[in-house]
Amino acid sequence: MGLFEPDTNIYRDRDILREDYQPEKIVGRDEELQQYISALQPVINGDQPSNIFLYGKAGVGKTACTGYLLSELQSDAEEHDVDITTIRTNCEDLSTSYQVAIQLINELRSSEEHVTTGYSKRQIYEMLWEELDKVGSTVIIVLDEVDHINDDSILYQIPRARANGNLTEAKVGIIGISNDFKFREGLSSKVQSSLCEKELQFPAYEAAELRDILRQRADIAFHDGVVPDAVIAKCAAYGAKDAGDARQSLDLLMETGDIGVEHQAEQLTEAHVDEARDSLEKSRVVEGVNGLTHQGQLVLYALLILNEEGKTPTRARDVQPQYEMVCERAAVDPLVPRRMRDHLGELAMLGIASRTERNKGEAGGRYYEYSLDTSPELLLEALEETVDIVGKTESIQKRFGDQLS
DNA sequence: AATCCACAGGAAAGTATGGACA
DNA sequence: TGTCCATACTTTCCTGTGGATT
């Protein structure tokens, strides 16, 4: 027997459950697909493509539908002798138009000619027009998570490039995908009218639709009879609970599968789902904490201590002294209150903390109350995993330990 | 309806850091 | 190497805000 043996596998193909898997059929989005198809119609006629703006919460099939339709479009276009190039970019880590432009150039260029930062904005745009014109045909640019771009310069430039004479050959259309409803309103009206020519809204999945999706995937991802309906229903309920989020459900199903494999189970059970949910929760917290800046972690630490002392919910004003003490022990200069509030707000955004607005009128004005929204043990564990905080705040940990006992 | 509290959160400017290029 | 250009994070200064109180 070798050191490595395949697991007693309940999976037929685990990759089916991964986020990047492109299903062959889209379930439960018939109406949206229909609208999407009509928005893309000009492309197949060889006309200038419309700009399309998709919005809807995370995990409601925006990206999946786009991927599906673009590959259909590509093959249909070949039949009709239309030349189409699609570029897909996720703007998740791109916070400026500048970075997006670089990303697009690099998508179009071969890897030896990749550019990085250092050029002026103008030069970068020149390069982009040059590359787009070199392609010369219809180009569809998909900008996933456009709301991560903090300035709308590129969203303004691309649709106008042709009119401004920067592009002569290429016909460029943008498909913007966002899960931030407010993003559209934040755009300048010029960008709004051009980017949002066609607007599609994706509603959250109903629990029943989620069950259909999970069943569809489970049937190909797992062997027959591995996933009972109760497990599907439980995973679907998890995703439907707050957001109608298929990705959440699929992640949970995959984690459940992995736990089933660990337990060498032949069939998944609801208990596996519970375990998987806890495990996902934990990694969410750990990732959230690791993603914080050092200062953010210190603020969290202060909040954590206040929580253990039973002083939560608490307002920013009361976190400040505790936070300054943490900083002192960590031998770090404390931030100014304004900045610390931002960090608290960020913790709330990440779902690590929660905040409630309070207003006592003349006797207290408007303020937020913060409290921890995650188990303190889990947070402490996560904070310990970030090495640099532990060394510097050893004394605080002792203090914290004393308070626990 | 006017007042006012006390913080929320936007804007601008500063600091530190790092890549490209000549 | 110094200059130019970019980003991330921060500080400083400021106006905006909602509801209890008058």
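If you're wondering where the values come from, they're calculated on a predicted model, not measured in any experiment. Chain identifiers are assigned alphabetically (A, B, ...) following the order of the sequence lines, protein sequences preceding nucleic acid strands; residue numbering begins at 1 within each chain.
- Rounded to whole Å, the distance from CD on Glu126(A) to C1' on dC5(C) is 17 Å.
- When the P atom of dG19(B) is taken as reference, atom CD of Gln123(A) falls 19 Å away, rounded to whole Å.
- With dC7(B), dC4(B), dA6(C) as the candidates, the nucleotide lying closest to the side chain of Tyr367(A) is dC7(B).
- Of the side-chain N and O atoms in Arg366(A), none sit less than 4.0 angstrom from OP1 or OP2 of dG19(C).
- Residue contacts shown for Arg355(A) are limited to sugar-phosphate atoms, with no base heavy atom under 4.0 Å away.
- When each of Ala316(A) and Gly365(A) is assigned the nucleotide of DNA chain B with its nearest heavy atom, Gly365(A) is the one assigned upstream, toward the 5' end.
- Going from atom CD1 of Ile102(A) over to atom P of dG19(B) covers 14 Å, rounded to whole Å.
- Summarising the geometry, atom CD belonging to Gln216(A) is positioned 7.5 Å from atom CD1 belonging to Ile213(A); distances are rounded to the nearest 0.5 Å.
- Atom pair Glu369(A):CD and dA8(B):C1' shows a separation of 15 Å (rounding to whole Å applied).
- Salt-bridge annotation for Arg247(A) and Asp251(A): absent, with no side-chain N of the basic residue lying under 4.0 Å from a carboxylate O of the acidic one.
- Rounded to whole angstrom, the span from the NE2 atom of His294(A) across to the P atom of dA16(B) amounts to 18 Å.
- Counting to the nearest Å, the P atom of dG19(B) and the CG atom of Asn106(A) are 16 Å from each other.
- The CD-C1' distance, from Gln103(A) to dT7(C), rounds to 16 Å in whole Å.
- Side-chain proximity of Tyr368(A) to the nucleotides dA8(B), dC7(B), dC5(B) is greatest for dA8(B).
- Remark on DNA chain C: of its neighbouring residues Asn359(A) and Tyr98(A), the 5'-side contact belongs to Tyr98(A), judged by nearest-heavy-atom nucleotide.
- Whole-Å rounding puts the Glu357(A) CD to dC5(B) P distance at 18 Å.
- A donor-acceptor pair under 3.5 Å is formed between the side chain of Lys62(A) and the backbone N or O of Gly56(A).
- In this model, a side-chain donor or acceptor of Arg341(A) finds a partner on the base of dG9(B) within 3.5 Å.
- Taking the side chain of Gln295(A) as heavy atoms from C-beta on, and the options dT10(C), dT22(C), dA8(B), the nearest nucleotide is dT10(C).
- With sequence neighbours excluded, the residues satisfying ring pair (Phe, Tyr, Trp, His ring centres under 6.0 Å) with Tyr125(A) are Trp129(A).
- Using a 4.0 Å cut-off, some side-chain N or O of His343(A) falls inside it from OP1 or OP2 of dT10(C).
- Pairs passing the salt bridge (charged side-chain N to carboxylate O under 4.0 Å, His left out) check and including a residue from residues 252-265 of chain A, sequence neighbours excluded, read Arg14(A)-Asp258(A).
- Atom CG of Leu40(A) is separated from atom CD1 of Ile175(A) by 5.0 Å, given to the nearest 0.5 angstrom.
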Table of protein N/O atoms under 3.5 Å from nucleotides 11-13 of chain C N/O atoms:
{"residue": "dT11(C)", "atom": "OP2", "partner": "Val336(A)", "partner atom": "N", "Å": "3.3"}

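- Partner Gln320(A) forms a side-chain hydrogen bond (donor to acceptor under 3.5 Å, both in side chains) with one of Arg317(A), Gln322(A), Glu324(A) and no other, that one being Glu324(A).
- When the nucleotides dT21(C), dA8(B), dC9(C) are ranked by their closest atom to the side chain of Tyr370(A), dA8(B) comes out on top.
- Electrostatic pairing of Glu209(A) and Arg29(A) counts as a salt bridge here, judged by a charged N lying under 4.0 Å from a carboxylate O.
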